[in-house]
Each structure stands twice: as structure tokens, then as C-alpha cells.
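Comments concern the structure below.
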Amino acid sequence: MTTAIRIEGISKVFRLYRERPTTLKQRLLSSHSRSEEFWALRDVSFDIADGSSLGLIGANGSGKTTLLKCIAGILRPNAGTITYRGRLAALLELGAGFHPDLTGRENVYLNASFLGLSRRETDRIYDDVVAFAELEDFMDNQVKFYSSGMLVRLGFAVAVHVDPEILLIDEVLAVGDESFQRRCLDRIRRFQSEGRTIVLVTHALDVVREVCDEAVMLDHGRVASIGGPDEVVRTLRHRLLSDDPSFIPEEGTREVEISGVAIESDGGLQDTVRSGEGFTITVDLRSDVAVHDPAVSFAVVSASTNRPVLEGKTSLLGVSVGTVDRKKRVRFRIPPAPWESGGYFVTVGLDSPDGRFYHVQTQHYPLTVPDADHLLMPLEVQPTVEIEDL
Amino acid sequence: MTRSLSSAEDPLRPGSHSEGSPPITSIPDIERTSEPPRLHVAPRFRELLAHREVLVNLVRKELKVKYTASVLGAVWSLLNPVVFLAVFSFVVKVLGNLIPDFPVFLLSGLLAWNFLSSALQAGSRSVIDNANLVKKVAFPREILPLSAIGVALFDFVLQSAVLLLFIGVSGHGFHLPELWLYPLAIAVLIVFATAITFWVSAMNVRYRDVGHLLNLALLVWFWFTPIVYQGWLVQQKLATVTILGVDAWTLYLLNPATVIVLGFQRALYAIVVLGPGKDPILPLLSLQRQAGMLLAELGVSIVLLLLAWRSFFDRSGDFAEEL
């Protein structure tokens, strides 16, 4: 596997002005000390493998957009180098690089020239761009009369048709109607299948888990976590939740503990449930000493609202786990339900009959529901439980 | 696993290129590195050359925006000197004038000045006005002030064509040894204007009053330059004046615009003294002296250009953040 983008020791410092002098008078009257340095990126290094799709995530102000702009060449890093091979197209925000007074057609040519295409090369892709953006009737109108959805469509259409080896995307897919978003995602998948490299900055963690095969989390300008999207997304989620002082990712006395959790849909998918499908949450318990009748509970929490949409507990479901000596398996069967598409996290807990926590893993396990119908909340389904000695 | 959704087992024609269109041939399969923190002139120049298509598109864009929603379009640019020539020819006929062929005298200097002032004014706004591009697209930022130069050059060429035509047909005629100054004066004008434009456009991003200051400075500068009055008058008045032991006329000639304008006037108007017993119109300077001054200014302008370019480059890395 070769490297598509090599990021070595990138630092970017911004000058923050408490009251930024924008006129000479202010500049002359104010002393130099009023500006302070803000390190948006500090010694960031990692490689992005050829053909991989990397999700760049982090809290607001963590530096992910700054890093993307450095890769794109829009900002110049103060230290470090970024090396890449081939054509790189970047989609940053709305209507990237369009001039409002020019027509759609002229903007396509202007945009393509930024990406290194000659006029003749642009002639050849022009019809495909227009067809993809579905703007055949508007190409001779000035872009200032376009809706935001039209701008995004045109921008995305140009970027994917210039045949880039590397595509950088920043939050653009949030705009545009659902059918266009789906086509964008299809297009991104096709890019992946063609072995192109994608770097995606987004707050939509579900998209990262669905689309990316690697993720990097930035925190205050440094790489905080790098690896598979599920782990990195979970790290970020825990980091975001930990701003809430009541959030504790894992706790308990561990007299009996959770040794493993598996989520499998009726269709046999791991960590993914299609809407209208049932699924099983399997909790493996382990203890060194015999523990009598711990209660096993779970909660499915929506990643977007941070609210539990489904909860279950053995004791409340009228099932006794019995004595756990060494190993035991508890299986929650959740019947088919109209799940809303999106990301969820599953909390699993063990507690004693008198309410002590043996072991709780808060929002530790991701669950994705891809493209679904609408949800009726709360879910009126009743899980069932099976207990199995191992 | 969710990841299987995105991995290589995508059913969509693997390896195919964008919908039916052939792959674009000029894929730059070269390794590219992010910009170094300091300007390296030769590689940067190659980078600019590689982006000439962007420059062409931006100049075209500026011209289009400038003349958009106007029926005559670029004809307006031509109309300006044509009306000038007509009005002044008429006024001079009616009132009489000390300067023969006054329209030629005036326009030979004024067109050069117009180029300088419009390049500086448009150039100072070039980065700010294109904030939406700067913030979202990567390209060498030098292209923005260069496109302002390009637009000014477009008008300059059209207007100069009108003037040259007028000189040819009006009976003023071209004067040969003097005409050799013309290409040299144009070169100095362009290099000097580019240097100053780089500088003001970068400064204007941080300090917005550079634009206002520039308008005032141009007004003062215009009257310090012998465009509408005869250079010889200044030479005569200043001949006896010394400032701090330096001859005031020499100081006057330190104005770069003066050297350029005198160069254009000498090349196109060419008449220093109309006849014996009459007062000179252009200052009494030998052709060699004027060529020497232009060459010296060319050298200084090239140095200025390199300095201004470096300053622009240093600042341009943060333009996307400062706008």
C-alpha cells in the first residue's frame, strides 16, 4: 500500500487579536502585545494510504478544517510539509470558488482551471458535469441566482468530473436534497471502488462510520486518536460526552464484568440494523467468584439526540440471570421495528439486586441504521431475553 | 460490519471513469509538496506559469464583470480616448494653445498614468474582492493582483491603439529615434506597476484603509507628474532651486511616474522644441539620458518587484484566514 498523502509535522499558528486592528490608525495606536498566538495545528503527522477513505473528526475548533485547508493548499502551514501525488480536488463549504457574477457555464470553466484543466479538457467533461448537477436549464444564468442546493450540486459535479486522485470534502454533503445526497454518497463509493483517496471532514459521525475505512480525531490541534472509524468515533463521542461531568465511560466494582458484547441483526449484519429488522444484543458475562443474580441492562441511545430510544433490563423483563460463576451469556432479542436511520450507541450495564453497579459501559457499542423510513418514537417493542451457560 | 458497505466490493463498475467521458489525459502524476514558508522565485514562477489558464479566466471574468449589462462592452474602453481626442482637438482649435498637437501630448502621458492608477486601484482590491475564491480554492494568490494588471493592460492596449492610429493619421507622425523609448517605457511601466500592486494588494487585506490612502496618494501623485502640464516648465522653475544641497529638478526626476511619463511623451509626442526661438515643451533631456533613467528605473523596479513579491507571498499563506 503506497501513501497518497503524507503529512509531516504540520503546524499552523494564527494570530488572534483581541480587538483586531483593521485600520492603520488602530494599528499604530495599539501595541504589538495585543495579539496572541493560537496554534490551530501542532506537529500533526500521519499518512493517508492510497485508495483509503479517511474521516477527519473532532470537536469544534479542533483544527480539522484548518488541516483540510492546509492539505488543499488554501492555507500555508507554518511548519512541516504535505506531500501528495496526482490531482487533488477540494470541496469546501458552499459554492466553493464560484463567482456570483459569472454564469454557471463560466464558473465551470473557472473552477476547472483552478483544478488544472485546460479549456479543451473542460469542454470534454462539460456535458457530464451539467448532467450530473441537473442544471441543464440554468447554465447561462448567473450563479448569484442559484439556490444553495444548486451551488453544491454544481460544485460537487465539477469536483468529481475533473478526475481527481484525491478528493477533499468538508461538510458539503449536509446541503442539498436527499436524492442528491444519496447520489453524492454513491459517487463517493464509486470513487472508493476506483481506488481513489478521500478525506472527509464532518460532524456527522454516522457518515464517517458508514463511508470511511480510517479515521483521525484531532483535539486542540493535535492528533488524539487514529485508527478504525468505530474506535475513533467512539473516542470522540466519549470526549464530547465527558464535557458533561456526570459522564463516566466505564465504572463498577467488577465483581462480575462484561467480557464482550455483540450486536447482530436478523439479516446477519454486525453492528448494523436495517429499519424494520430485528436484532440481538449478546452480552457475555465473566466473574471469578460466584455472583448471585446480577441484572443485565442495555440502552440504545440515539447519537443525534443523545436520548435513549430503547431500554431493557432482565429484572424488569421478569427474567432472572441466576448465579454467574465464571461465564454466562445473556441474549436480548429485539423484535423488528421501524428504526430511524442514523447512528446509535448501546450502553450495557450489570448491577446487583440492591442497586450497586458491577460494571457499566456507557455508550460503548456503535449501532448503525442505514437508509430507513421514518421512526415512530418511542419504539413500542418488547425485547425478550435468553440466558445461556457457557 | 459497517465497513463492508464502503470497501472494494462495490457493485458499481470498478475502475471505470466518470460517466462515459474519457479520462482526462493531463493527470499531473507528479509529486506535489505544500508551499514552503519562504518564496523561491524560480519554482514559484513555474507554478504561476502552470496556472496561466486561471489568470486568463480571471482576466476574462474581470472584463466581463466590468462590462456586464452594458451593450457596448469593451467599446467603452475605446470611447474614452476617442472622446478625449475629439474634445481636445476641438477645444484647441477654438481657443488656440501653446502646445501644438495637444491631444497627442496629453494622451501619450495620460494613458500610461491611467494604466498605473487603474492597476493599483483594482489591484489593491483584488484579494478582498475575490474573498470567496481565496477562502475556498487553492491557487497561487499572485494571480489575483496579476489579473488586475491584465485588465489594466487590456484597456491600455486598446486605448494605445487608438492613440497610435491618431498619431499616424493626424499628421503628427512618428519620430524614429525617439520611438525606440516606447517599448522600454512600457516595460518599466508594467514592472513598476506590478511591484506596487503586489504590495498594496497584500497590505489591503490587513489594513483596509490602504485603499483610501491609495486614492489620495494617486491624486497628489498625478499632479506631481508632468501629464497635463509641460515638463519643461518644471525644469525651468526648479533649475535654480536647491533643496538640502540637491538640485530640485533632480529630485523631481526621482518620481518614478515622471520618468515613465516623460519616456512615453518623448517616444510618441517627441517634440522637445517646436522651432528656433520658441520655448521647449518637453524638458531638455538627451535621449540617452532618458533611456538611462528608464533603464535605471527598470533595474530598481525589478528589485522592488522581488521584494514586493516576497512580502506578498509571506502574507498570502494566511489570506484565507484574514478575509
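Hydrogens, waters and symmetry mates are skipped; everything else that's a heavy atom, side chains included, is used. Here is how names work: the chains are called A, B, and so on, in the same order as the sequence lines, proteins then strands, and each is numbered from 1.
Interface summary for chain A: among B:Arg52, B:Arg60, B:Lys61, the most heavy-atom pairs under 4.5 angstrom belong to B:Lys61. Per-residue counts of heavy-atom pairs under 4.5 Å with chain B were compared for A:Leu75, A:Thr66, A:Ile74; the largest is that of A:Ile74.
Neither the backbone nor the side chain of A:Arg6 has a heavy atom closer than 4.5 Å to any heavy atom of chain B. Looking at B:Asp314, the atoms closer than 4.5 Å to chain A (heavy atoms on both sides) all sit in the backbone: N, CA, C or O. Residue contact with chain B, scored on non-hydrogen atoms closer than 4.5 Å, involves the backbone and the side chain of A:Phe114 alike. For B:Val134, the part sitting under 4.5 Å from any heavy atom of chain A is the backbone (N, CA, C, O) and nothing else.
Taking a cutoff of 4.0 Å between a charged side-chain nitrogen and a carboxylate oxygen, A:Arg85 and A:Glu165 do not qualify as a salt bridge. Using a cut-off of 4.0 Å between Lys/Arg side-chain N and Asp/Glu carboxylate O, B:Asp318 and A:Arg76 are scored as not salt-bridged.
B:Asp155 places no side-chain N or O within donor-acceptor distance of the main-chain N or O of B:Phe115, the cut-off being under 3.5 Å.
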If you look only at distance, which donor and acceptor atoms sit under 3.5 Å apart when one is on a side chain in residues 211-221 of chain B and the other is two or more places apart or in another chain?
{"residue": "B:Asn215", "atom": "OD1", "partner": "B:Gln121", "partner atom": "NE2", "Å": "2.7"}
{"residue": "B:Trp221", "atom": "NE1", "partner": "B:Asn255", "partner atom": "OD1", "Å": "2.8"}

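Qualifying side-chain hydrogen bond (donor to acceptor under 3.5 Å, both in side chains) partners for A:Glu8, counting only residues two or more places apart in sequence or in other chains: A:Thr81.
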